[in-house]
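This report concerns only the one structure given below.
Sequence lines set the chain letters: A, B, ... in the order given, protein chains first and strands last, and positions in each chain run from 1.
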Amino acid sequence: MRLIVPLRGVIQGRGGLFVGSLIPCCLFYFLQLYLKGRRPPPSDPTELPRTSSRSNLFSRGNSIGRVRVSSRAVPVAKPPDSPYYIGLERVKTDPYDRITNTDGIIQLGLAESTLCFDLLQRWMSENLMESIMQSGDGEFDISSIAMYKPFEGLLELRVAFADFMSRIMGGKVSFDPSKMVITAGGTPAIEVLAFCLADHGNAFLIPTPYYPGFERDIKFRTGVELIPVHCRSSDNFTVTVSALEQAFNQARKRGSKVSGILFSNPSNPVGNILSRETLHDILKFAQEKNIHVIYDEIFAGSVYGEKEFVSMAEIADSGDVDKSRVHIIYALSKDLSIPGFRAGVIYSFHEDVVSAAKKLMRFSSVSVPVQRILISLLSDVRFIEEYMTAHRQRIRDKHVRFVEGLKQLGIPCAESGGGLYCWVDMSSLLTSYSEKGELELFEKLLTVAKINATPGTACFCIEPGWFRCCFTALADEDIPVIMDRIRQLAESIRS
Amino acid sequence: MGLPLMIERSSNNNNNNNNVVELSRVAVSDTHGEDSPYFAGWKAYDENPYDETHNPSGVIQMGLAENQVSFDLLETYLEKKNPEGSMWGSKGAPGFRENALFQDYHGLKTFRQAMASFMEQIRGGKARFDPDRIVLTAGATAANELLTFILADPNDALLVPTPYYPGFDRDLRWRTGVKIVPIHCDSSNNFQITPEALESAYQTARDANIRVRGVLITNPSNPLGATVQKKVLEDLLDFCVRKNIHLVSDEIYSGSVFHASEFTSVAEIVENIDDVSVKERVHIVYSLSKDLGLPGFRVGTIYSYNDNVVRTARRMSSFTLVSSQTQHMLASMLSDVEFTEKYIRINRERLRRRYETIVEGLKKAGIECLKGNAGLFCWMNLGFLLEKKTKDGELQLWDVILKELKLNISPGTSCHCSEFGWFRVCFANMSENTLEIALKRIHEFMDRRRKF
């Protein structure tokens with residue numbers, strides 16, 4: 001009774017009907033909220049009374065609830081929304097082939113190299129069998145490849161890897177096999193480091209633009225955040241300590257705990273090489289803030305420019321900073337063109353990180369027969385020297401051709417000295433200088449020019465119009481085809 | 001065995017005074033369990049390993065479930081069928097090119113087909129496996145961890161029957177943050193899982209406000225060395241349906257059942273069910289490490305009847321891919337039906353004989369084992385030797401066996417067994433001679449004890 005009187009008063013007033021229906025709705029809504037709060041946790045929403053007839057139970061169909069996956073699994077299965085993955089998927093539907101599908105989509109979105117396959121093929125056909133079967137007297141002993149071996153990799157492999165890494169980085173730094181853990185590729189290497197250096201909810205600072213795969217590799221299961229540190233074309237996208245400082249302070253204000261900084265050097269997607277001085281400054285900054293530095297040096301052997309590549313290991317060794325905060329990732333996927341083999345490295349100056357990573361390798365180790373092949377391959381010094389020389393030369397040549405081709409179209413590239421790609425400024429082709437404009441251009445490149453290039457947005461670049469184009473899986477004759485398609489697209493845009 | 005020790009981290013939030021850089025909780029936790037007796041025995045073995053010629057009084061490793069009894073079959077096959085390295089992919093340009101670049105988390109189709117065929121053979125064709133539901137991982141260890149990430153959130157729980165493989169404490173919990181709530185089983189019914197034990201475990205979790213996401217069993221069981229009865233599997237699935245949770249069956253020893261007819265895979269039960277909402281909660285883990293004796297190859301699989309889980313597992317498998325070279329190497333071997341049929345048959349036979357040798361030998365020494373029918377180990381009962389039927393009593397006896405008999409066996413407490421005095425003894429990772437020596441040492445020990 002008491003409730004009705006005020007309602008009547010409201011309904012008869014201005015906007016009465018509206019308010020008059022609003023109040024009961026609100027009451028109903030609050031009632032629902034109250035009831036929901038009182039309901040027990042929904043862990044067994046379909047608890048049914050036990051029945052003795054099993055077949056009866058299994059055929060109940062709709063009355064049994066659908067079993068759920070964990071909440072952290074949900075985002076993993078979603079269809080990709082990043083242009084990086086979308087582009088890769090589209091190429092699969094209509095891949096270019098020089099002979100059988102000349103109208104197909106040309107893949108410029110995957111950083112892999114086939115430039116020195118001939119050399120690798122020759123090595124494999126001459127040495128593969130022997131390296132696996134492995135014994136001097138010609139007798140095959142299966143226990144050498146079948147049995148459990150330490151998950152962190154055979155000592156001989158770590159020794160061979162240490163030597164190989166030293167060689168391809170110019171021989172100026174040596175790597176200690178005892179600080180090394182072999183992983184099933186670069187992907188688990190970065191994830192394991194993230195698990196060891198940061199707790200769920202902590203963050204890494206990461207200069208942009210960065211490799212789109214880090215979003216998955218780091219965030220999928222560890223719960224570690226990535227905080228971008230924006231770099232600009234005016235600095236050729238090189239990170240500065242002041243930008244790091246700013247990002248660090250902003251993160252702290254927001255309540256985010258920064259555990260470390262993640263770099264790739266040579267950088268991906270720009271292809272920059274960090275100078276000795278910059279590496280030093282970054283390490284000092286990390287020391288000051290007491291955080292980790294992680295260097296992904298996966299393209300260290302793919303340096304073709306004039307600038308010298310310096311590994312963070314060399315800087316760390318120079319003695320005046322606490323080394324235990326320095327961690328390096330490497331893998332054979334890029335420099336040695338064997339991503340299918342799945343072989344990577346975590347190299348850490350922190351004893352406890354090495355120890356934890358070793359134990360975690362049980363989840364991501366390299367098969368023993370593959371380790372045997374790699375020991376043989378990486379210790380074949382003559383072959384490695386021949387390979388690295390050819391690899392660098394061929395990338396340089398391809399880079400020159402590609403960049404020159406773009407230049408003739410009036411399309412400039414950022415300065416780069418390493419990697420399997422170039423960072424192309426297509427802003428002149430944008431209809432609007434914005435992320436939207438860039439994604440429209442990405443779509444046009446895919447559907448009209450039939451080229452898959454990774455747009456800067458996928459790499460979190462703050463300036464629109466930049467695209468990563470990988471050129472190391474192209475034959476020389478593919479380049480004019482690409483340039484022609486871009487030219488036609490450009491003309492249609494500009495007209 | 002208690003909660004994992006969490007070492008207190010110094011509160012060191014980016015200050016300049018104490019410049020020791022911090023590591024994560026995962027890095028400092030000891031959930032890896034490598035300080036437990038299960039692993040301590042391994043260290044003793046590493047320091048003084050038995051060798052027939054060079055160190056006959058060394059420690060005999062009976063704590064590692066590795067299958068070496070059928071190596072000769074593999075060796076012969078690989079040598080015969082692989083004269084020019086064609087199997088290894090060294091022949092022919094296209095083979096190498098594909099291997100080198102292929103890093104697709106779908107896995108090689110030929111290899112998945114070969115795995116499906118092999119898994120069907122092991123089950124005598126009583127269940128079909130669809131190659132597109134196979135997700136490859138670098139070993140079963142990775143498969144179990146991956147499934148745990150997908151099925152449960154941090155602080156959720158999986159119910160696992162005791163005694164269980166000690167590695168689960170690490171594999172299921174370390175990085176995932178998921179808990180294990182034990183389903184207690186005891187010798188009164190040969191450690192089989194009962195509906196009461198299931199309910200009790202579930203209630204224990206609920207009382208502690210922990211959400212149960214699934215049940216994980218090993219079938220055949222490690223460490224029991226016995227298959228799970230068909231009725232128990234049906235009860236389990238029933239239970240999982242009623243609670244609306246998942247059922248994971250780790251069938252890593254399925255090819256090591258001594259008599260094929262005694263093994264029922266959960267796949268057989270699901271085979272006859274059409275209702276997707278029942279099927280899609282079932283997932284099987286398998287690997288080539290035990291049945292095929294190839295742990296070094298790091299090949300594991302998740303087989304799921306749930307499309308969403310297959311899709312998710314595939315993507316997550318990027319962290320634990322099997323190299324294309326390995327897949328290529330094994331694809332032709334596993335699809336060679338003539339070879340696999342012969343291998344499975346002979347392997348089973350040899351394991352059965354080994355098992356009989358050790359059980360008979362122990363019996364003569366006055367020691368009983370659980371009646372087993374599978375696996376690479378037996379479940380031995382030394383309860384009658386314990387001074388005190390407690391965890392300490394058991395560990396004391398374990399220590400004596402390690403130090404005096406120089407035998408590394410696994411104590412039941414490390415497997416979370418609720419009864420004291422049980423030990424897992426592996427017999428397939430050594431020659432027949434070595435097994436005889438181990439039995440001799442046990443006989444002598446028992447003789448000495450009788451004299452007192």
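Heavy-atom distances place both the backbone and the side chain of A:Lys359 under 4.5 Å from chain B. For B:His32, the part lying near chain A is the side chain, with the backbone staying farther off; criterion is any non-hydrogen pair under 4.5 Å. Contact of A:Val366 with chain B is made through the backbone alone, with heavy-atom distances under 4.5 Å. For A:Ser333, no part lies near chain B; criterion is any non-hydrogen pair under 4.5 Å. The parts of B:Thr176 that come within reach of chain A are both its backbone and its side chain, each placing non-hydrogen atoms under 4.5 angstrom from that chain. If you measure heavy-atom distances from B:Arg213 to chain A, the contacts under 4.5 Å come from the side chain alone. For B:Gln327, no part lies near chain A; criterion is any non-hydrogen pair under 4.5 Å. With a 4.5 Å cut-off on non-hydrogen atoms, B:Val276 touches chain A through its side chain but not through its backbone. For B:Asp156, no part lies under 4.5 angstrom from a heavy atom of chain A.
In this structure, A:His350 and A:Arg325 have side chains that are not in contact, with every pair of non-hydrogen atoms separated by 4.5 Å or more. With a 4.5 Å cut-off on side-chain heavy atoms, A:Ile190 and A:Phe214 count as touching. By the 4.5 Å heavy-atom criterion applied to side chains, B:Gln61 and B:Glu66 are not counted as neighbours.
Checked by atom type and distance alone, the side chain of B:Arg315 pairs as donor or acceptor with a backbone atom of A:Lys78 at under 3.5 Å.
The aromatic rings of B:Phe149 and A:Phe195 sit tilted, their planes meeting at an angle between 30° and 60°.
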